[in-house]
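Data first, discussion second: the structure below is written as structure tokens.
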Amino acid sequence: MSRLSTYLLPTLRDDPADAEALSHRLMVRAGLIRQIGAGLWTWLPAGNRVVRKVERIIREEMDAIGGQEMLMPVLQPAELWRRSGRYDIEELMKLDDRKGAPHVLAMTHEEAVTYHVAREVRSYRELPMLLYQLQVKERDEPRPRAGVLRTREFTMKDAYSFDRDEEGLERSYEANRRAYARIFDRCGLRWYECESDVGMMGGSGAHEYMAPCPAGENEVALAPGYAANVEVAKAEPQPVELPDPLPEPKEVSTPGLTTVEEVSGALGVPAGALIKALPVIVDGRGMVLVLVRGDHRLNEVKLRNALGAGFRQATPEEIAEEIGPAGFIGPVGADVPIIKDAAITGAGYACGANKPDAHLIGVEPGRDFSFEELDVRVVEAGDRTPDGHEITIEPAIEVGNIFKLGTRYSEPFGATYLDEEGVERPIVMGCYGIGPARIVAAAVEQHADEKGIVWPRALAPWDVVVVPLGKAGDETHTEAERLYEELASADVEVLLDDRAAGAGEKLTDAELVGCPLRVVIGRRGLAEGKLEAQERRTGKEHEIPLADAAQAVREILAGIE
RNA sequence: CGGGCUAUGGCGCAGUCUGGUCAGCGCGCUCGGCUGGGGGCCGAGAGGCCGCAGGUUCAAAUCCUGCUAGCCCGACCA
């Protein structure tokens, strides 16, 4: 029963002072969520209804591809995480029980699920298998932010596939991709499946599901037929006009000019005609000089993946010792390995001369220095895909990800099976995550207008809000009560605003909360035997007969997505 | 973890620089009445160890020290 007079739906007239992101502001104002600590949020009843709708869609689609729902504990013995080598992750919440035994609060459930499968599954006949759960995850985030977008505790749908071999994994992976497409479509999101970084965990492939919206923390490079996280995006660079080449590099005086802007300005060349030299210290390998075009930025994820090792920026002291004065570093004459970004092509570049207050012009890679060529730059808006489409870059929320784990967990946990020949083999795994809270936030961001939330029908806390405008006990309330009962008994999800509040307050709240259809019952309409229904998204108004109101409402709803 | 900001009734804020007539405003809430199609009006109320702990002072929301919590930017994000 959803009667607003006694329902915990605390709407706010003003934005909360500490909220910036649109979804954060609206979800708090519409009474969906409240904060209890940094990155710790309570779903109030209306918000909980929305989350449950998302979860239901997820369950239906996971079940449809053969997923088996289970539930694993959040509190786990540290031993499991020691075995996988993940115990030392900083974000992992650690605690001891009363006996002093170390435990963790799980941030995902690879360890737990693999532990079980290792003990219970023995034969190729039992595979493939897809297990999933909707369970809380705990992460000691360094910086929770934007309401429900990045929290320390959140529910995740995490699924794990178990296959005999890579081919099987491929099939499982594809099945999950199809399920994800249906899930995000049904939730009414605008979304992209992106190539993503496989991260330090290795693995043979990964996709992220990105919902573009202003509050997004990730950046996605988009073009017709192309979508990739900028962390891994590749593209054709925009051309740059290089000065005429010289037969050999020539030193020019650039006193005190250390930035790309200063040097390109002084030389009268575009920033892209400079070579930016970035000295880094690679784990176990010492200093390497990385070169990118002056108008480009180094992509640290790409570089790390290309190196197969971590790295850090060199300190000015290290740079001075190995190459020259920071601010005037260049590849010519530098006695360290050089990695040149693939966007540096042609000749006539300017770069640091490795001595104070001097740069070189007319530099030509290959002729003037040797290098290893890699793609290590950040793709920029305006770059093009290989088939010539211009790339745009949009912020996006990561609402899901899928990942080919391989045997990363099955090996340490001894999750093996016997194949047809009786040979013991490691099970090949994949994992598949979705954050329902992020779906909700993304839906709010993507569909809101200046009046408030505009829910996609599939996520709306209620389909209809019935709003009597008169005072309690008058005919607008009796008619509203009657319609409410009729709709409820016809399984329409309906909210009745039976509060003793003014018309303005009720109408404003209805818009803020954003149910797809609002039915207003006022004396004016009742006099003519009519009610007014208005669609939230389009603002389209319907006059409906009082006599047949419930049926009319259901017909209008049928046309709303 | 670096940088910035904030903490005063349920919410949004003023007051802090310049210590004392400083416990204030708007909204909300309670009671009574009016109004009843866009947060309306009148009247009467309730509600606060001014984030916490020390210190300075005759006197601290206000000055000093320490701490805690939250927000934003960055780093990080298996």
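Chain letters run A, B, ... following the sequence lines, proteins first and then strands; every chain starts at 1.
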Just list the side-chain donor-acceptor pairs under 3.5 Å for residues 514-530 of chain A, sequence neighbours left out, or say none.
| from | atom 1 | to | atom 2 | distance (Å) |
| --- | --- | --- | --- | --- |
| A:Arg518 | NH1 | A:Glu511 | OE2 | 3.1 |
| A:Arg518 | NH2 | A:Gln534 | OE1 | 2.8 |
| A:Lys530 | NZ | A:Glu543 | OE1 | 3.2 |

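- Between B:G55 and B:A14, the distance separating the two C1' atoms is 28 Å to the nearest Å.
- Scanning for side-chain hydrogen bond (donor to acceptor under 3.5 Å, both in side chains) contacts around A:Glu481 gives A:Arg3, with sequence neighbours left out.
- Within residues 508-517 of chain A, the residues having any heavy atom under 4.0 Å from RNA chain B are, by residue number, A:Thr508, A:Asp509, A:Glu511.
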Going by atom type alone, with no hydrogens or angles, which donor-acceptor pairs under 3.5 Å involve a side-chain atom of residues 10-19 of chain A and a protein atom two or more places apart or on another chain?
| from | atom 1 | to | atom 2 | distance (Å) |
| --- | --- | --- | --- | --- |
| A:Thr11 | OG1 | A:Asp509 | OD1 | 3.2 |
| A:Thr11 | OG1 | A:Asp509 | OD2 | 3.1 |
| A:Asp15 | OD2 | A:Arg25 | NE | 3.1 |

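- Contact annotation for A:Arg139: no contact, since no heavy-atom pair falls under 4.0 Å across all strands.
- Atom name C1', nucleotides B:G19 and B:U62: the rounded distance is 6 Å, in whole Å.
- Residues meeting the side-chain hydrogen bond (donor to acceptor under 3.5 Å, both in side chains) test with A:Lys276, sequence neighbours left out: none.
- A:Arg518 comes within 4.0 angstrom of a base, heavy atoms only.
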N/O to N/O distances under 3.5 Å, protein versus nucleotides 9-12 of chain B:
| from | atom 1 | to | atom 2 | distance (Å) |
| --- | --- | --- | --- | --- |
| B:G12 | OP1 | A:Ala17 | N | 3.3 |

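- Nucleic acid contact class of A:Ala146 (heavy atoms, under 4.0 Å, all strands): sugar-phosphate only.
- Annotation: proximity of residues 532-544 of chain A to RNA chain B (heavy atom, distance under 4.0 Å) is found for A:Glu532, numbered in ascending order.
- Nucleotides B:A69 and B:G51 are separated by 7 Å at their C1' atoms, to the nearest Å.
- Checked against salt bridge (charged side-chain N to carboxylate O under 4.0 Å, His left out), A:Lys302 has the following partners two or more places apart in sequence or in another chain: A:Asp375.
- The salt bridge (charged side-chain N to carboxylate O under 4.0 Å, His left out) test applied to A:Asp163 returns no partner, not counting sequence neighbours.
- With sequence neighbours left out, A:Thr407 forms a side-chain hydrogen bond (donor to acceptor under 3.5 Å, both in side chains) with A:Glu411.
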Hey, can you pull the donor-acceptor pairs under 3.5 Å for the side chains in residues 396-403 of chain A, sequence neighbours left out?
| from | atom 1 | to | atom 2 | distance (Å) |
| --- | --- | --- | --- | --- |
| A:Glu398 | OE2 | A:Asn401 | ND2 | 3.1 |

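- A donor-acceptor contact shorter than 3.5 Å is absent between the side chain of A:His24 and the backbone of A:Ala441.
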Report summary line: With sugar-phosphate taken as primed atoms, P, OP1 and OP2 and all else as base, the protein-contact string of nucleotides 31-36 of chain B at under 4.0 Å (heavy atoms; B, S, -) is -----B
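- Here the side chain of A:Lys506 pairs a donor or acceptor atom with the backbone of A:Arg499 at under 3.5 angstrom.
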